[in-house]
Protein chains: 2
Amino acid sequence: MTIRQDVHSSDIPVLCQSCEARHRGVCGALDPDQLVGLARTSSKQRVGAGVELVGDAEIVGSYSNVLSGVVKLTKSLSDGRQQIVGLQFAPDFLGRPFKTESEINVETATAVALCSFPKTVIERMIKESPELEHRLLRQALNELDEAREWMVMLGRKTAAEKVASFLVMIARNIDPCADSMASSASFDLPLTRSDIGDFLGLTIETVSRQLTRLRAEGVIRIENSRHIIVDDMKRLELRCGD
Amino acid sequence: MTIRQDVHSSDIPVLCQSCEARHRGVCGALDPDQLVGLARTSSKQRVGAGVELVGDAEIVGSYSNVLSGVVKLTKSLSDGRQQIVGLQFAPDFLGRPFKTESEINVETATAVALCSFPKTVIERMIKESPELEHRLLRQALNELDEAREWMVMLGRKTAAEKVASFLVMIARNIDPCADSMASSASFDLPLTRSDIGDFLGLTIETVSRQLTRLRAEGVIRIENSRHIIVDDMKRLELRCGD
DNA sequence: GGAGCGCCTTGACCAAGATCAAGGTTTGCC
DNA sequence: GGCAAACCTTGATCTTGGTCAAGGCGCTCC
């Protein structure tokens, strides 16, 4: 997705139509008057990889559209074991209505561009616009479906199946050419091996070995350890276990 | 929770206040006029344990309050591996707005009493009442939080921690005396060992061994293999890993 | 260029939990 | 009560993935 205009410009609807394109952003739910009001209070920002967003006063107490890049949501046990519990790709919406405190860490996985709105503004709009609340409900239900899919993966799939499933998921979310039914894909992994491990409930070594195995078996090609090429998505999907 | 009145009686608000008590039911969001309308179309039913609810025409295309008992939501891989992705305790709401087909199996884990409303009626009410949609959003976000908690458990906890966490969760949801801060608990497990395994991503044997170990170490007592007594919840919580 | 760091890969070994197998307990039904 | 089926426990053994250790690649910063 390309952002054609800075959000401060007068061309807000373009940005918002862009969010709307994948039916997830907040902006698409608002009428033009609301959009102008929103634009006055919004701010666009670019953040590098590996930055903690919660804890940053600019972001806490705000809602954002992810314009580009990948944001990871993680939870930790007291001894440091970590689990990624959500990945937000552009143009996902980031923010948690009705709850200020959260036990979830929010961190950029790649460089990220955000368009943020103050929490108070958004919450006022939710009150005024049932359509916006409806949209938030749909997003929450989508995330719930994804979370449940993921639980099956964490609880019941083998390491090999987990890694294959992860690649398929990333291909669908990242590769601009892969309209879910494409037969090949080529993309950069937005996560380090360590993040992939935290996503899949595996160690970094196991992730590495499974990727090596997929490469050895000719299912994927790996360039620079981050760029993945899948010539035949079908073969990869066969290894997902479902 | 005790249901004081059949839902067909004139005393609907009592039932609904009862649902409302834990801030989850649908009924509490409705005003008295709506409730009367709803009552005309609702039906109360009792279902034994181990009954598939989706696939049952009475329930498909309907929404229900769980009045008593436990309902499990499961997903399966093609080779039969199964994972429980959600447990609904009374007085949870059961039903999925905006989606008829679902890849989720819904099955009673224990004997269950349900109060069901036709989908069309509820969906009309959602349109009319923003408050109801608001409530559904809150429930969806709660379920999302639970799902994420669970993902940490599936991905990062040891078998011993999983079983301890499971017992704590059940104690909080089932034991009427345990107001979350109680120091002891006594309850019947609503799931078989096999279900517990599907919940925790473990085999039945591992579940059994871990329970035996907790008993051997004096953390729990087990009667009839289904009834659990925890004298000191603190000791159990210490074994949850978080 | 090279030192240092972060990230990734590979190998040897280990242990947690799965699998296989047998037998015990509970429940429901006649 | 007696039988069968479902459920649960326990033991022996095996496998998957974790742990520990070493080294390689690709950066950035002097």
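Below, chain A is the first sequence line, B the second, and so on; all start at residue 1.
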Completion exercise
B/S/- along nucleotides 11-20 of chain C (protein heavy atoms under 4.0 Å) is BB----SSBB
Problem - Separation of dC8(C) P from His227(A) NE2 (nearest whole Å) - result: 16 Å
Under 3.5 Å, which donor-acceptor pairs link side chains of residues 197-205 of chain A to any protein atom two or more places apart or in another chain?
unit_1    : atom_1 : unit_2    : atom_2 : d
Asp198(A) : OD1    : Arg156(B) : NH2    : 2.9
Thr203(A) : OG1    : Thr206(A) : N      : 3.3
Thr203(A) : OG1    : Thr206(A) : OG1    : 3.0

Problem - Which residues share a salt bridge (Lys or Arg N to Asp or Glu O under 4.0 Å) with Arg209(B), sequence neighbours left out - result: none
Handout entry: Euclidean distance, atom CD of residue Glu223(A) to atom C1' of dC8(C) [Å, nearest integer]
Key = 16 Å
Practice task
For Glu161(A), enumerate each residue passing the side-chain contact (heavy atoms from CB on, under 4.5 Å) test, keeping only those at least two apart in sequence or located in another chain.
Solution key: Lys157(A), Thr158(A), Arg81(B)
Handout entry: Residue list, side-chain contact (heavy atoms from CB on, under 4.5 Å) with Thr74(B), at least two apart or on another chain
Key = Lys72(B), Gln82(B), Ile84(B), Asn105(B)
Handout entry: Five-pair end axes of the helix from dG1(C)-dC30(D) to dC30(C)-dG1(D), angle between them (10°)
Key = 40°
Practice task
Please list, chain by chain and in numerical order, all residues satisfying side-chain contact (heavy atoms from CB on, under 4.5 Å) with Asp231(B), sequence neighbours excluded.
Solution key: Arg221(B), Ile229(B)
Exercise for the section: May I have the distance from Leu211(A) (atom CG) to dT9(C) (atom P), rounded to whole angstrom? Expected result: 7 Å
Practice task
Walk along DNA chain D from 5' to 3' and tell me the first and last nucleotide with an atom closer than 4.0 Å to a non-hydrogen atom of chain B.
Solution key: dC8(D) to dA12(D)
Handout entry: Sequence-distant partners of Glu223(A), salt bridge (Lys or Arg N to Asp or Glu O under 4.0 Å), two or more places apart
Key = none
Handout entry: Residues in salt bridge (Lys or Arg N to Asp or Glu O under 4.0 Å) contact with Lys75(A), at least two apart in sequence or another chain
Key = Glu149(B)
Exercise for the section: Apply side-chain contact (heavy atoms from CB on, under 4.5 Å) to Thr212(A) and list each qualifying residue two or more places apart in sequence or on a separate chain. Expected result: Ser208(A), Arg215(A)
Fill in the blank from the handout: Whole-Å distance, Arg213(A) CZ to dT10(C) P, equals 14 Å
Practice task
Give a yes or no on whether the backbone of Val163(A) and the side-chain of Arg239(A) come within a donor-acceptor separation of less than 3.5 Å.
Solution key: no
Exercise for the section: Would you please name every residue forming a salt bridge (Lys or Arg N to Asp or Glu O under 4.0 Å) with Arg226(B), sequence neighbours left out? Expected result: none
